[in-house]
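Please read the structure below before turning to the comments.
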Amino acid sequence: MKRVLLILGLVVLIGLAGCVEDSSDNGNDSVLDGEGAEDSDGPDSDRDNSDDSDTQDTESDDSSTGMDPPPAVEGELELHHIDVGQADSTLVVTPANETILIDTGDWRPDGAEVIEYLENRDIDRIDHLIATHAHADHIGGHATLIEHFEENGDGIGDIYDSGVPHDSQTYENYLDAVDEHDHELLMVEEGDELPVETENMTATVLNPPAGDSGDNLHYNSVSLSIEFGEVRYLTTGDAEDNAEARMIDEWSAALEADIYQAGHHGSSTSSTEEFLEIVDPDIAIISSTLESQYGHPHDEILERFDVFGIETYWTGVHGDIVITTDGDKITTEPTADETTDPLALLELKDAIEDDGQNSYSLPGFTKVGTQASA
Amino acid sequence: MIDGKYTAVVDRIVEDIAVLLLEKEDEVIEQVEVSTSDLPESAQEDGGVLTVTITDNQVNEITYEPEQTKQRRESTVEKLDRLSTRLSDRES
């Protein structure tokens with residue numbers, strides 16, 4: 001298994017506690033690769049600093065051949081974990097420039113931050129729009145985003161849903177937007193393949209379960225395994241331990257992934273030990289705000305990630321996190337270059353919790369770190 | 001948050017916190033979070049329509065509305081059924 005050895009200084013922590021938005025040193029990409037690979041400039045052209053001095057290569061490679069064959073696939077797959085505060089939104093751009101958007105953030109920004117992110121990258125069409133489940137921190141921007149791209153852009157291709165409804169107005173407005181723009185809602189279940197047209201890439205649905213699986217939103221959260229070349233990405237939305245256990249039973253080997261978006265914002269309801277053993281990721285991404293009112297990511301998850309030696313990114317700390325792969329090498333570009341040691345992140349979290357008055361009022365979708373490159 | 005009575009929906013229960021979405025004229029206008037145990041017992045799950053009274057900027061009273069919940073759920077399911085197709089059934 002590929003591993004990155006991280007050398008962490010206290011300096012990093014002090015820097016973090018003092019100012020998460022340190023803008024002077026954000027050009028460090030992390031490259032995971034079996035061979036000592038060259039760094040590559042990623043898609044984030046906004047960055048004014050492309051210093052490659054801190055590129056990290058893996059120390060070891062288990063592959064017995066000694067030499068990896070050159071990637072058998074062309075182009076690059078991009079996974080953009082957009083910093084949307086205490087919410088989820090992930091953009092996938094395929095090597096053929098197909099766009100897949102998984103969730104659209106919380107209802108309060110109403111899609112604005114996601115639309116801005118997309119427009120900054122000249123994306124005017126979403127080919128595949130997915131709602132993992134109907135909670136307002138996942139479908140919050142759906143209605144506005146559908147309207148926006150249908151009316152001002154090049155439209156939306158297909159829209160996929162878990163099929164479990166919600167009573168909220170946020171959900172109803174989403175259905176109305178689907179209706180007004182003559183879309184159908186494509187209900188997915190395990191075993192489905194998203195009809196992506198990019199060669200050498202598959203997007204397989206691993207959840208919700210086939211057949212009648214009740215109306216629990218988290219149990220039925222859409223989970224997706226995206227495979228490109230030798231690299232796999234797993235995202236499970238807010239799937240919790242019971243859904244994870246079911247996926248282990250039904251899908252075991254298909255769950256294995258190099259990159260894992262931590263289930264339910266890093267909550268201890270998810271990412272069970274049994275699940276991590278099967279998925280066995282090198283990299284995890286947690287999508288939650290720095291001062292999550294729910295305590296996400298939970299301490300025990302960061303501790304567990306440490307035990308599993310997982311290089312950990314957290315939108316609340318790292319801002320937008322863009323992962324690029326050519327099907328072999330994996331390059332990670334966070335907006336803010338901060339520690340990826342789960343225990344150092346835990347210390348940071350504790351420091352902030354001790355410091356702040358942990359009120360129930362939201363910190364407003366403050367985007368810590370996302371302006372770091374401005 | 002202006003004092004008054006609002007229609008609200010339980011968006012989600014995150015362990016001991018219940019997230020309520022307050023509405024005005026078919027739009028969500030505010031989110032409030034209360035202890036899950038402060039909800040009427042029948043409302044301690046995702047979904048469900050409530051009447052929430054805000055007094056002095058605080059949640060003062062929460063009433064579960066079973067009839068409105070039933071009506072809204074029926075109309076949403078009807079809409080979903082009309083709009084949805086199984087991906088595996090779609091004619092390509």
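Bear in mind the structure is a predicted one, so any value in this text is a computation, not a measurement. Chain naming here is simple, since letters A, B, ... match the order of the sequence lines and numbering starts at 1 in each.
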### Query
Side chain, backbone, both or neither: which part of B/Glu27 has a heavy atom under 4.5 Å from chain A?
both
Less than 4.5 Å apart, side chain to side chain, heavy atoms only: is that true for [X] and [Y]?
X        : Y        : answer
B/Lys79  : A/Asp176 : yes
B/Val19  : A/Tyr294 : yes
A/Leu185 : B/Thr85  : no
A/Gln169 : B/Leu21  : no
A/Leu186 : B/Arg86  : no
B/Arg73  : A/Pro165 : no
B/Asp11  : A/His166 : yes
B/Glu15  : A/Ser267 : yes

### Query
Is chain B contacted by the side chain of A/Asn173, its backbone, both, or neither, given a heavy-atom distance below 4.5 Å?
side chain
### Query
Tell me, side chain or backbone of A/His296 under 4.5 Å from chain B's heavy atoms, or both, or neither?
side chain
### Side-chain donor-acceptor contact under 3.5 Å, B/Asp46 with A/His218
no
### Query
Which pair of non-hydrogen atoms, one from A/Trp107 and one from B/Ile29, has the smallest distance, and what is that distance?
CH2-C, 3.6 Å
In Å and rounded to the nearest 0.5 Å, what is the [atom1] to [atom2] distance from [X] to [Y]?
X        : Y        : atom1 : atom2 : value
B/Ile17  : A/Gln293 : CD1   : CD    : 6.5 Å
A/Glu189 : B/Ser88  : CD    : OG    : 5.5 Å
B/Leu80  : A/Glu172 : CG    : CD    : 11.5 Å

### Heavy atoms from other residues, nucleotides or ligands near CD of A/Glu197 exceed 12 (cutoff 6.0 Å)
no
### Task
Check the surroundings of atom CG in A/Asp215: do more than 12 heavy atoms from other residues, nucleotides or ligands lie under 6.0 Å from it?
no
### Query
Taking every heavy-atom pair that is under 4.5 Å apart, which of A/Asp192, A/Asp179, A/Val188 has the most such pairs with chain B?
A/Asp179
### Message
Whether B/Arg72 and A/Asp167 form a salt bridge (side-chain N of Lys/Arg under 4.0 Å from carboxylate O of Asp/Glu) is what I want to check.
### Response
no
### Query
Which salt bridge (Lys or Arg N to Asp or Glu O under 4.0 Å) pairs, counting each pair once, include a residue from residues 137-148 of chain A, with sequence neighbours left out?
A/Asp137-B/Arg12
